[in-house]
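Notes follow once the structure below has been shown.
Below, read A as the first sequence line, B as the second, and so on, with proteins coming before strands; counting in each chain starts at 1.
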Amino acid sequence: MEHDARTIRGDVTLVMVLVENDAERERGVRVTNLLDGAVWPPRTNGVPEEGWSETGYEGVLAPGERRGIGYATPAPPDSNPVRVEPIERRSAPEGTDPVRDLPDPRPPRDALRADVPAAVTAWLDDVERRGGQTDRERAALERAARLREDS
Amino acid sequence: MILAVCGGKGGVGKSTTAFNLAALLDAVVVDGDLAMADLPTARGPDFHDVLAGRASAVEAVREDGPVRILPCGRSLAGARACDLGRIEAALAAVEDEYGRVVVDCPAGLNAAVGAPLAAADACVLVTTPAPAALADALRTRELARELGAGLAAVALNRAKENETDESRESYERAFGGPVVRIPDCSAVAVAGARGVPVVLSRPDAVASEAFRRLAARVQSSAR
């Protein structure tokens, strides 16, 4: 199992891993986070994507398949962020997954009072100062102004 | 034992049934209706906090009311912040500590119904005789079957006096499980409004007698 792992640091650390199954058969892979912080996996509707756990990722790669795997963590970056190891291939879970396969009952984010992040406000201020906005930029400015009035 | 009380349609009496069953079974009732909770509330950590990882399920259980309860928060922000993937582990933790758990599920066929059903040993379906409610209850029956929660009983709520044994038998064939009729009874609403299950405040009421039959069904299915 070949792999390459990198980290970049913004407000949080983003870990990017590329794994490649160089064998001619399906193989399972486990990617374990080695950084000193929680794994924040990719999510859909607030639910972690299939294969993610608190320690990292597990999945099955087809022969020759390359797969990009990424997650965020509050831990500082390091040159060796993950351990990648082949594992016994496990068959996919059968039947309905009650959380992943059923609709999300939680109220939509738009139903909550929105807080505009500081970085977005700064960008909007820039756009306003610059003048000559595009239609989309004008729409974003109007929406932000409404949000400010509401909160 | 984890018992999920569900039914599909809203307003058919799921919360009332869950509250009374918990009282009769000496169980903890978990208010699983994340966005529109109905059971009594309480100060301190609630189910929203548990599902957001801010509190443990066991520490959120209140023991000072007429029924032990894990209450649910009322805010939309709290409901939004819930990680539904934590529901199964939270219910298992309460079961480990207290033995019996009754979950009051929300209406609809969604993940907040599916997760308790997947964790549950059995379910009680609540419906009224109205066709729309029956249709939703049958859909929930299918979901329960798919997720491995056996049907302990169907509570046919607000049953009319003229419901015959014949009609009950046709319900039992449709659901594939025992049907217990809960008669319309004003004492239920009066007790519920005071935050006390009718089986404790008015054990002599006709509805209390019916809830005891329902609880007996649940207990015999658990054996």
Quick one: donor-acceptor pairs between chain B and chain A, under 3.5 Å, side chains and backbone, table format.
from     : atom 1 : to       : atom 2 : distance (Å)
B:Arg80  : O      : A:Arg106 : NH1    : 2.6
B:Arg80  : NH1    : A:Pro107 : O      : 3.1
B:Cys82  : O      : A:Arg106 : NH1    : 3.1
B:Ala111 : N      : A:Pro103 : O      : 2.9
B:Glu146 : OE2    : A:Thr96  : OG1    : 2.1

### Message
Could you work out, with salt bridge (charged side-chain N to carboxylate O under 4.0 Å, His left out) as the rule, every residue matching B:Asp26, not counting sequence neighbours?
### Response
B:Arg68
### Task
Sort and list the pairs that fulfil side chain to side chain donor-acceptor pair (under 3.5 Å) and have at least one residue in residues 189-199 of chain B, not counting sequence neighbours.
none
### Query
Would you call B:Ile87 and A:Pro98 a side-chain contact if the rule is heavy atoms closer than 4.5 Å?
no
### Set of salt bridge (charged side-chain N to carboxylate O under 4.0 Å, His left out) partners for B:Glu59, sequence neighbours left out
none
### Close side-chain approach of B:Leu143 and A:Leu102, heavy atoms under 4.5 Å
yes
### Region of B:Leu34 in contact with chain A, defined by heavy-atom distances below 4.5 Å
neither
### Query
Should we say atom CE of A:Met16 is surrounded by more than 12 heavy atoms from elsewhere, each under 6.0 Å from it?
yes
### Message
Which heavy atom of B:Leu84 sits nearest to which heavy atom of A:Pro105, and what is that distance?
### Response
CD1-CD, 3.4 Å
